[in-house]
Amino acid sequence: MSMKKRVLTLAIVLLGTVLTVSAQRSVSLRVMSMNIKEGGRYCGFLSAPYAELIAQYEPDVVCLQEVDQMTTRNGGRDWLNEVAMATGMMPYFCHSMNYQGGGFGTALLSRWPFYKMTKIVTDLAGAREKRASGWIYVQLPGGECVRVATTHLALESAQMTIQHLADVNKNIFAEGDTIPTLLVGDFNANEGSDPISYAANRWKDLGKGYGNTYPTSRQEITYAAQRLDYVMASPKTGWTVESYTILDCPDLSDHRFIVADLTYTFPNE
Amino acid sequence: MKRTIKQLLAVQWPVLLLVATLVGCTPDDNGGTGGGGNNNGGEYVAPEVPETPVITNLFRVDFFSTLGADEPFFSGLRDAGLASQFVGNQASPKSIFYLFDRCDFEVGKGTAAVKIAYDNKANAYFLPSETTGEHYTKGTGVVSRYKSSSIVGVAGDNLHLSGVSVSIGLSKPTTITLFNATFDTTEQVAAAVEAFGVELQSDGVLLAKVATDKKGDVEEWLKKNFSGYRVEFAGSEGTAYDLMVLCPVMYVCRSIEELKSINLPYWKVTMEKFF
């Protein structure tokens with residue numbers, strides 16, 4: 001092959017590489033995890049303190065646990081819609097069970113419209129309550145889609161936590177396992193425990209090394225520090241953590257909250 | 001000059017890349033179940049329905065819309081507060097869904113459907129009708145007293161179609177998925193049938209805006225390419241769109257009434273399910 005042809009071939013290969021790299025799609029989003037402790041008991045079940053915190057961080061999606069909807073103890077307050085109106089986000093309440101004349105469960109808030117959503121309720125034998133997990137398919141500006149799930153796993157035993165996670169995995173991946181997905185919330189399992197080892201089969205733990213999430217500074221003397229709240233990602237490759245912040249808000253919950261900036265780079269097609 | 005396979009691939013790489021990207025951009029990865037019976041030859045005609053409805057199997061959907069092209073529904077004197085009052089004051093039988101066409105979603109402000117739901121202790125959903133914008137996304141706000149455990153949908157380049165599923169009590173417990181979309185081309189209808197044909201032949205009811213000048217084409221396309229459905233159209237003089245109600249053959253649209261609540265135009269759609 002002449003030198004001219006070699007140079008030409010090399011140039012074409014390089015162009016192809018450049019085109020491939022520049023065509024590689026990615027998506028960035030900010031998620032928050034908030035276990036608000038019994039419907040927001042620590043601040044009198046008010047919605048405004050949570051809405052103000054969320055507004056301060058401008059997340060794309062908030063994953064909430066322990067949300068009351070129009071219960072006696074929260075004064076019949078439609079807590080989630082109040083936060084949604086105050087932040088301009090779209091709400092999705094995942095009803096776990098009837099409670100005090102209203103509902104109790106997990107919830108999602110999205111800064112962007114979602115075109116698809118699913119809720120499952122896991123009712124394990126021997127569990128003290130039913131637990132809902134839910135996920136939304138959010139299309140971000142530009143057209144890329146991500147799936148974000150909220151969950152609050154069973155706490156009665158490590159085996160039940162694993163069973164619960166298996167149910168979430170089965171249902172969420174039945175809807176596809178290639179779309180970038182985040183599973184966020186209170187796993188009721190400490191780092192290094194069997195449930196978190198089990199989670200590692202399908203998920204990448206994006207919060208490793210960023211600190212514990214329970215309890216808040218108010219209860220540090222009473223309870224041992226643990227990491228109970230997670231941001232898990234699927235597929236396990238392609239995710240980059242831009243920042244991962246643990247928020248200590250002792251007036252709002254016994255759990256610390258998480259704010260994570262994440263990027264997913266799609267594999268080459 | 002003879003080229004090796006490697007050289008050919010190198011030359012064609014950008015082209016292949018472009019083709020792969022285009023294939024990857026088709027609205028396939030976002031939820032449709034696919035299917036839908038094609039009509040192999042001949043035109044489909046829906047079977048006759050009983051003249052007298054079974055009252056306990058009737059349900060109602062209110063579709064608030066101007067059937068216009070470019071205007072958000074809640075603009076000018078059309079106020080979301082009036083819609084809240086309408087939902088709150090409605091006498092029995094209450095509608096299972098209140099749809100607010102062009103109840104758009106604005107970043108940082110959300111959609112008026114949430115406030116309407118909040119005022120009535122109900123649930124709000126939003127079905128986007130276009131690709132998410134940096135600041136603003138057109139779509140339909142849905143308010144229902146029923147909690148939905150799922151929204152199915154597709155968000156593709158050519159079609160945005162979502163449906164809210166709720167379980168309601170007719171003479172037997174029934175799960176209905178109410179779809180909503182805006183169709184400007186027959187190709188979009190074909191894509192909707194491709195994505196959710198199975199649902200539209202079982203328990204999916206589609207309330208859609210169809211460009212007035214495409215209504216005939218859509219009707220023809222359905223007759224030739226789909227089956228197991230019933231379709232009705234309604235519209236006003238001079239509007240850009242008509243309302244289309246497409247439902248499985250086990251359902252029927254009994255009536256579509258054009259009404260107004262103060263200054264809010266709406267279509268009262270009464271449907272029946274056969275068991």
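Predicted model, so just to flag it, every value in this text is computed and none were measured. Reminder, nothing fancy here: chain letters follow the sequence lines and each chain counts from 1.
- Residue A:F114 holds its CZ atom at 6.0 Å from CD1 of B:I151, rounded to the nearest 0.5 Å.
- For a heavy-atom cut-off of 4.5 Å, chain A lies close to B:P128, B:E130, B:T131, B:T132, B:G133, B:E134 in residues 128-136 of chain B.
- The choice from A:R147, A:M89, A:E82 that makes the most heavy-atom pairs within less than 4.5 Å of chain B is A:E82.
- Annotation: the span from B:Y118 atom OH to A:M85 atom CE amounts to 5.0 Å, rounded to 0.5 Å.
- Between chain B and the options A:P141, A:G134, A:A84, A:A86, the largest number of non-hydrogen pairs under 4.5 Å is found for A:P141.
- Of the two parts of B:A112, neither the backbone nor the side chain holds a non-hydrogen atom closer than 4.5 Å to a non-hydrogen atom of chain A.
- Residues from residues 51-71 of chain A that place a non-hydrogen atom less than 4.5 Å from a non-hydrogen atom of chain B comprise A:Q69, A:M70, given in numerical order.
- When all heavy atoms of B:F105 and A:S110 are compared, the pair lying nearest together is CZ-O, 4.1 Å.
- Residue contact with chain A, scored on non-hydrogen atoms closer than 4.5 Å, involves the backbone and the side chain of B:S148 alike.
- In this structure, A:D78 and B:K121 have side chains that are not in contact, with every pair of non-hydrogen atoms separated by 4.5 Å or more.
- Interface residue B:F126: backbone and side-chain heavy atoms are both found under 4.5 Å from chain A.
- Taking the side chain as every heavy atom from C-beta outward, B:V107 and A:W112 approach each other to under 4.5 Å.
- In this structure, the portion of B:K147 lying under 4.5 Å from any heavy atom of chain A is its side chain and not its backbone.
- Remark: side-chain polar atoms of B:S149 are not paired, donor with acceptor, to backbone N or O of A:K119 under 3.5 angstrom.
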